[in-house]
Amino acid sequence: AVLPAPDLTALGGRLRTALTQGAPGAMARIDDRRPDDHTTVHQAMAGVADRGTKEAMNTTGRFRIGSVTKTFSAVVLLQLAAEGRVRLDNPVDHYLPGLLPDGRITVRHLLNHSSGLYDYTHDMFARTVPGFEAVRTRVFTYRQLLDLSLRHPLTQVPGAGHTYSNTNFVVVGLLIEHLTGRPVRAEYEDRIIRPLKLNDTFYVHPDTRIPGRHVRGYLTPDEAGASLVDATEQTASWAQSAGALISSARDLNTFLSALLGGRLLPAAQLTQMRQWIPAGTGQAYGLGLRRRDLSCGVSVYGHTGAVQGYYTYAFTSADGRRSLTALANASNNGEVHRTMLRTLEPAFCGKQAK
Ligand SMILES: CC1(C)S[C@@H]2[C@H](NC(=O)CCCC[C@H](NC(=O)C[NH3+])C(=O)[O-])C(=O)N2[C@H]1C(=O)[O-]
C-alpha cells in the first residue's frame, strides 16, 4: 500500500520538543522509495551534535545504535538457520551443553525474549552514572555477562511470553561464534555490512571510539538538575552482540529496507522473524524485531535502542519501501524517549487530523 506523504512539519516539531525536554540534539532521516522506484530522502534535525564545539546536529554522523544491534544479530542467526546450521526450536543445550540452567530454553526463546534469563543490566545500571562509569572502559567476556545474569533465577518458565532481556542476545552472540568459529564482527561484516555497503556501520568492540564523523552522546544523571555526562567513548562491552554496533541513519534505513524487502533472508526465515508475541499495547516482538502498530492502522517493523547517550528509533514499512531512523543524543530521559517514539506517526501516517 502507498503510504501518505510524511508530515515533515510535525516531525520537526517532535524533534524540537525533545530539545525542550533535555536532549542536546535530535534528527531524523526518511528514505521513501516510491512506486516508480525513485527514492526521496527527507531529513529533519535540531540542536547540536557536540555541546562543546556547538557543531549542529546532522543526519550523516555515526552513532551508537544500542539494541538495534539485536536485529543484526538475529539476521546472522537466521541466515545460519537457512543454511541448516542451527534449528530455532532446538534447545540451546544442543549446541552449548550445560551453558544455561534450563534445558527447555530454545534458540527461538532467545530471539523473542521468552527464555526467562534475567537481564544483568538491571543490576549493572541500577544507579545510572556510577553504573556506567564502572563499566565504560571494562572488557567483558560473554561468559562473564552470562554469569552476572545467572546469579538470579529465571524470571519465568521458558516460552511463557515476552520478557525483554539483554542476556538473550549475549547468548545469541555466543551461539553465533560457536556455530561459525568466527567473531560476530566478521559475521556482521560478511553477511550484512559489506553486501549492503553499509559504510557507516562498524563493530569496533572493545575500542571505545566511534570511527570518523560522529554525534556525541549525553547521559542524563538520575539526580534532577545534575549536568549531562558525555558518554560518547565507551567499550560498550556490557552489550556486545546485544547492543555494541555503530551505524548511521542512512545505513539503518538501508538495512531495514533490505530486511523487510526480502533481500537479507529467504522468505521462510523472514516469516519466522515475523512470528509475533505480544510486547505491550500496540507492540509485538518477533525474532530480534519489533512491530509497532500506529494509530493510522499502519504497522512498522524495526527496533529501538537505548545506550548511554543515544536513543535510536529505526523502523520500516511492511514492504521496506519507507524507512525512518530517528536519533536523540540523550538517554535516561523518559520524556525524550516518549517524544522520539512520536516521530513514527508523522513519518508513516502523514498529516493527522488535528
Ligand atoms: C528495552 C530498551 C529500552 S533497554 C535495552 C537496551 N539498553 C540497555 O539495556 C541499557 C539500559 C541502560 C541505559 C541507561 N539507563 C540507565 O542506566 C537507567 N538506570 C541509559 O538510559 O543510558 C536497548 O537498547 N534496549 C532498549 C530497546 O530495545 O528499546
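Order of appearance sets the numbers: ligands from 1, and atoms from 1 within every ligand.
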Crowding at CZ, Arg85 (>12 non-hydrogen neighbours, <6.0 Å): yes
Show me the short polar-atom pairs for ligand 1: any N or O of it lying under 3.5 Å from a protein N or O, with distances only.
unit_1: ligand 1; atom_1: 7 (N); unit_2: Ala306; atom_2: O; d: 2.8
unit_1: ligand 1; atom_1: 9 (O); unit_2: Asn166; atom_2: ND2; d: 2.8
unit_1: ligand 1; atom_1: 17 (O); unit_2: Thr128; atom_2: OG1; d: 3.4
unit_1: ligand 1; atom_1: 19 (N); unit_2: Phe125; atom_2: O; d: 2.7
unit_1: ligand 1; atom_1: 19 (N); unit_2: Thr128; atom_2: OG1; d: 2.8
unit_1: ligand 1; atom_1: 21 (O); unit_2: Asn332; atom_2: N; d: 2.8
unit_1: ligand 1; atom_1: 22 (O); unit_2: Ser331; atom_2: OG; d: 2.6
unit_1: ligand 1; atom_1: 24 (O); unit_2: Ser67; atom_2: N; d: 3.0
unit_1: ligand 1; atom_1: 24 (O); unit_2: Ser67; atom_2: OG; d: 2.6
unit_1: ligand 1; atom_1: 24 (O); unit_2: Ala306; atom_2: N; d: 2.7
unit_1: ligand 1; atom_1: 24 (O); unit_2: Ala306; atom_2: O; d: 3.2
unit_1: ligand 1; atom_1: 25 (N); unit_2: Ser67; atom_2: OG; d: 2.9
unit_1: ligand 1; atom_1: 25 (N); unit_2: Tyr164; atom_2: OH; d: 3.2
unit_1: ligand 1; atom_1: 28 (O); unit_2: Tyr164; atom_2: OH; d: 2.9
unit_1: ligand 1; atom_1: 28 (O); unit_2: Arg290; atom_2: NH2; d: 3.1
unit_1: ligand 1; atom_1: 29 (O); unit_2: Thr304; atom_2: OG1; d: 2.5

Within 45° cone and under 6.0 Å: Arg151 NZ/CZ vs Tyr118 ring: no
Residue pairs fulfilling side-chain hydrogen bond (donor to acceptor under 3.5 Å, both in side chains) with at least one residue in residues 252-262, sequence neighbours excluded: Asp31-Asn253, Asn253-Thr325, Ser257-Arg263
Salt bridge (charged side-chain N to carboxylate O under 4.0 Å, His left out) partner of Glu233, the single match among Arg64, Arg216, Arg209: Arg216
Short side-chain donor-acceptor distance under 3.5 Å, Lys70 and Asn166: yes
Audit row: Glu55, Val48, side-chain contact (heavy atoms from CB on, under 4.5 Å) steps and yes/no: CA-CA 6 Å; Glu55 178 194 2; Val48 294; over 6 Å; no
